[in-house]
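In listed order, ligands and their atoms are each counted from 1.
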Amino acid sequence: MQALVEAAHAKYAPHATGDVATYIPELSKANPDHFGICTVTSDGRVFEMGDCDVPFTIQSISKPFTFGMAIDELGRDAVLAHVGVEPSGDAFNAIELQNGTNLPFNPMVNAGAITVSALLHKAHGPAALDALLERFSALAGRRLSIDQAVYESERRTGHRNRAIAHLLLNFGVVHEQAEAALDLYFQQCSILVTCRDLAMMAATLSNMGLHPVTGEMVLSVNSIRDVLSVMFTCGMYDYSGQWAFRVGVPAKSGVSGGVMAVVNRQMGIATYSPRLDRFGNSVRGVETCADLASQLGLHAFDCLNIGSGFLDTIL
Ligand code: GLU
């Protein structure tokens, strides 16, 4: 596995296509050459190469975790009364709701994620950020914090997300403190992680919510099912269908350049490389994950994938 990770790093490091996100001004400062690959098996073995210790903001990769946290705390029905589970076919930041229900399409687009943040804000009040940081830290297995500069940069310029929050307020999808909920959303997107943290978080999802190193049960088995389902159908922006076809595992990416993929009961994979393609996915991240999935037979429907026993036979 270490040799595979190193080979993938050597193969894709020269790929210099794609651009760093600039619509949140602070993100434009990212080093486009940074590139890390980390895999963590469901029993905690780590294989990594490159820039796996470089901190970056989690951005949209926070969305599956807040969705899982809301389901754990409020129950599936209460959450699904506020957000759907249907791919939107539109941009992640589209100012739109689902025709007929007036609910956000799913928790992976901004409208859905802001709704989930509002549910958590309503449940926890001013303690919401602490509760969220605590859960994310438990998922990573170490104490995480916020990048204040990125948070303030997004809060200052996030007019589109503010429009979405007010659309949600107009339709009564979020409670009246929509601005505070939006603030929580900006803060959750600004949580600093490394590529290794993301791989640990993915491994925790792959291990049914049990952190492979700390042994802490961080998310319930029921919420994991729901989280992985929406990641599978909606996690990779407008490339989600192609990703499911080509790579075949639940995944989530974010505009700062992270990609997190979950191989059910087997392992978590994370990559970090800030150059994005036209969909907003990390160019090197997509190619690395597709390559590893193909070599290891990780696609959920690959004939090589015979479940959790498979990796054990090669590791
Ligand atoms: N904070 C970013 C936004 O709301 C997250 C976008 C993303 O990573 O997809 O625009």
Side chains of Ser88 and Asp90: do they bring a donor and an acceptor to under 3.5 Å?
no
Of Phe279, Phe92, Trp243, which meets ring-ring contact (aromatic ring centres under 6.0 Å, His included) against Tyr237?
Phe92
Go through the side-chain N and O atoms of Thr194 and Asp53 and say whether any donor and acceptor fall under 3.5 Å apart.
no
Distances only, to 0.1 Å: what are the N or O pairs between ligand 1 and the protein that fall under 3.5 Å?
residue, atom, partner, partner atom, Å
ligand 1, 1 (N), Gln59, OE1, 2.6
ligand 1, 1 (N), Glu154, OE1, 2.9
ligand 1, 1 (N), Glu154, OE2, 2.7
ligand 1, 4 (O), Asn110, ND2, 3.1
ligand 1, 4 (O), Glu154, OE2, 3.2
ligand 1, 4 (O), Asn161, ND2, 2.9
ligand 1, 4 (O), Tyr185, OH, 2.7
ligand 1, 8 (O), Ser60, N, 3.0
ligand 1, 8 (O), Ser60, OG, 2.9
ligand 1, 8 (O), Tyr237, OH, 3.2
ligand 1, 8 (O), Val255, N, 2.9
ligand 1, 9 (O), Ser60, OG, 2.5
ligand 1, 9 (O), Tyr237, OH, 2.4
ligand 1, 10 (O), Tyr23, OH, 2.5

Using every non-hydrogen atom in the two residues, find where Ala21 and Val255 come nearest and quote the distance to one decimal.
CB-O, 3.5 Å
Which class fits the ring pair Phe35 and His9: parallel under 30°, tilted 30 to 60°, perpendicular over 60°?
parallel
With respect to Ser117, which candidate in Gln188, Gln187, Lys63 satisfies the side-chain hydrogen bond (donor to acceptor under 3.5 Å, both in side chains) definition?
Gln188
